[in-house]
Amino acid sequence: MSVPFYVTTPIFYVNDEPHIGHAYTTILADVLARYARLRGMETVFLTGTDEHGQKVQEAAQRRGVDPQTQADEMVVRFQRTWERLHVSHDDFIRTTEPRHIRVVEAVLQDLWDRGEIYLGEYEGWYCVPEERFWTEKDLVDGNCPDCGRPVERLVESNYFFRMSAYQDWLIEYIADHPSFIRPETRRNEVLGYLRKPLHDLCITRPVSRLGWGIPLPFDPDYVTYVWFDALINYVTAAGYLVDEERFSRLWPSVMHLIGKDILTTHSVYWTTMLRAIGLPQPRTILAHGWWTSSGDKISKSLGNAVRPLDMADIYGVDALRYFLVREATLGRDADFSQERVAHRYQGDLANDLGNLLHRLVNMIQRYCEGRIPEPGELAEVDTTLCDRCLALVDQTFRQVDALALNEALAQVMGTVGEINRYLERTAPWKQARAGRGERVATILYCAAEALRLTAILLQPVMPERVGELWHRLGWQAPSSLQDGLAWGSLQPGAPVIGGPPLFPREVGPAD
Ligand code: MSP
C-alpha cells in the first residue's frame, strides 16, 4: 500500500487572533495537502490550537475571562479564518480536548514509570512571554535570546525529562538522515545547537504559579509544560494508543511544517521525546522563514501584524494564497508589502492568467457559437503545446516534492505565458478572416484545453478561482481531480460562460 501523506501545522496559541504568519504556515500545509490529493495520495492534514500555558492564562486574565472561555472564543477565530482562506484540513485538534489529554497523561505516566522523568530542582532565568527557562550563557545582554525581552530569576522543584541522555543519539540520527530537517541551513543550525551540552528538559510548572495546564497524573501539584503537552498533539491526532491501525499507517510518514522560530522545540524536544516514548522519528521537519515588514518579523507584539482577512478583502483569498506561495522561497524570509502583492496580482493574475481566459472565452463565443469546438487534425505547433502541458505536470510534481513551490508556480505561469504566445503565433482571428473554420476550431480547442490542464496545477494554490476558470470553460472537474490530468478532457459542445474578469484590475476592500 502506498504511503499516506500526513502533514501538520504548528498548533496556534489562542492568546490572540490569527495573523499573516499563522496563515502562511497553514496555507503552505494546505497547498502541500492539495497537491498530494491531486496525485491521488491518501492525505491527512492536521491543524489546531495550543490552548494551555502561561500565554493563554495571561491573555484570559487580561480580558477577565477564564482560560477555557478564552480558548473557546479564540478557537472560533482560527476556524473561521481557515474556512475563509480555503484551508482544507481533515482534522482540527484542540489541546483541551479529552482525546488529547488522555494521551498526554498516558505518555507522562509511562515515562515516569520507566524513569525517563525525575523530580529535581530548577534554578534559572525564565522568560515569561516565551515560557522558557534559559541558562546564564544562553542570555543575550542579560535578556531572552529568543525575543530579547527581560528574564526573571526563578528557583523551584519541578519534574524533568532526561533529554540529555539522547544528545549523542540525536546528533547521529540527524547526520544519518540528510532530509530529516529541511532546509539544509536549519539542519546545520540544529547540529550547531547540539554542539553545546544538552540539558534535561523541565516539563512541569507548579500549580501555585501556573494553574492552566494538564495536571501530572502522578503529582497533582504540577501541570505539564505547555510545549511537552502541545507536541504530543501530532501523535494524538494520528490515533496513538487509541486507533493502532490508523496510527501505524500515518506514523512516521509525517511532515511537520513549522516556522524557524520553533525549530528547537521540534528538532530537539520532540525528537528526544519520541525516542524516549519508543516511537520512530517524523519523516520531515520543514522550517519556513518569517514574513517580515521592512525587515522586521511580522508579529502582534511588534505592532506590525498584517491581518490575513484584510488582505483577502482587497485582493481575494486565492490571490493572497498565490502571493504567499509564489513570493517566498520556502525556508527563507520574505518581505510583505502592499506593493509586492499588487505587482504580482496585476502581472501574474490579472494580466497573464485572467486575460488569457477572457480572450479565449470571447473568441470561442465569437467564432464557435459559444461552445468548445471539435478539434481537427493537430499541426506541429499544437502538439508542441500539448506536450509542453503534459511535461509540466511531471515537472510541477517534482518541484513540489523538492519543496520548491515558488519555482513550481513560476513554471506553471511560464506555461500560461506560452499559451498566450501560442495564440499570437497561430492568430485564430486571421484564420477566421481567411475562412479556415476547422483550423480556428483546432487552435481554440488546444488553447482552452492547455489552459484547463495548466490550471489544474494551480488548483492547490487557488482552488476557488481555478474552479471558476473551469466553469467558464464549460468543464466540470471530476470527483478525482487526478483523472483530469490527461490531455483531451474538455468536451466539444460544452458551452463556455462569459463573466466579469477572474481577477479584476480594480481592487479594493470588499465593503
Ligand atoms: N503554540 C506554538 C506551537 C506549538 S506546535 C506543537 C506556537 N504557536 S504560535 O501561535 O506562536 O504560532 C507559531 C507559528 O506561526 C510558527 O510556525 C511561527 O513561525 C509562525 N509565525 C508567527 N509569526 C510569523 C511570521 N511573521 N512569519 C511567518 N511565520 C511566523 O508557536
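Here the structure is a predicted model, which means the values were calculated and not measured. Read the numbers this way: they start at 1 and go in the same order the structure lists the ligands and their atoms. Both backbone and side-chain heavy atoms feed into the values below; hydrogens, waters and symmetry mates do not.
- Close placement of the Tyr122 and Phe160 rings is indicated, their centers lying within 6.0 Å of each other.
- The six-membered or imidazole ring of Trp291 lies near that of Phe323, with a centre-to-centre distance under 6.0 Å.
- Salt bridge annotation for Asp30-Arg321: present, with a cationic side-chain nitrogen under 4.0 angstrom from a carboxylate oxygen.
- Protein residues are said to neighbour a ligand when one of their heavy atoms lies under 4.0 Å from it; for ligand 1 these are Pro10, Ile11, Phe12, Tyr13, His19, Gly21, His22, Thr25, Asp50, Trp227, Ala230, Leu231, Asn233, Tyr234, Ile258, Gly259, Asp261, Ile262, His266, His288, Gly289, Trp290, Trp291, Lys297, Ile298.
- Remark: aromatic rings of Phe12 and Phe78 are close, center separation under 6.0 Å.
- The ring of Tyr269 has its center no closer than 6.0 angstrom to the ring center of Phe161.
- Taking the ring centroids of Phe218 and Tyr159, they lie under the 6.0 Å cut-off.
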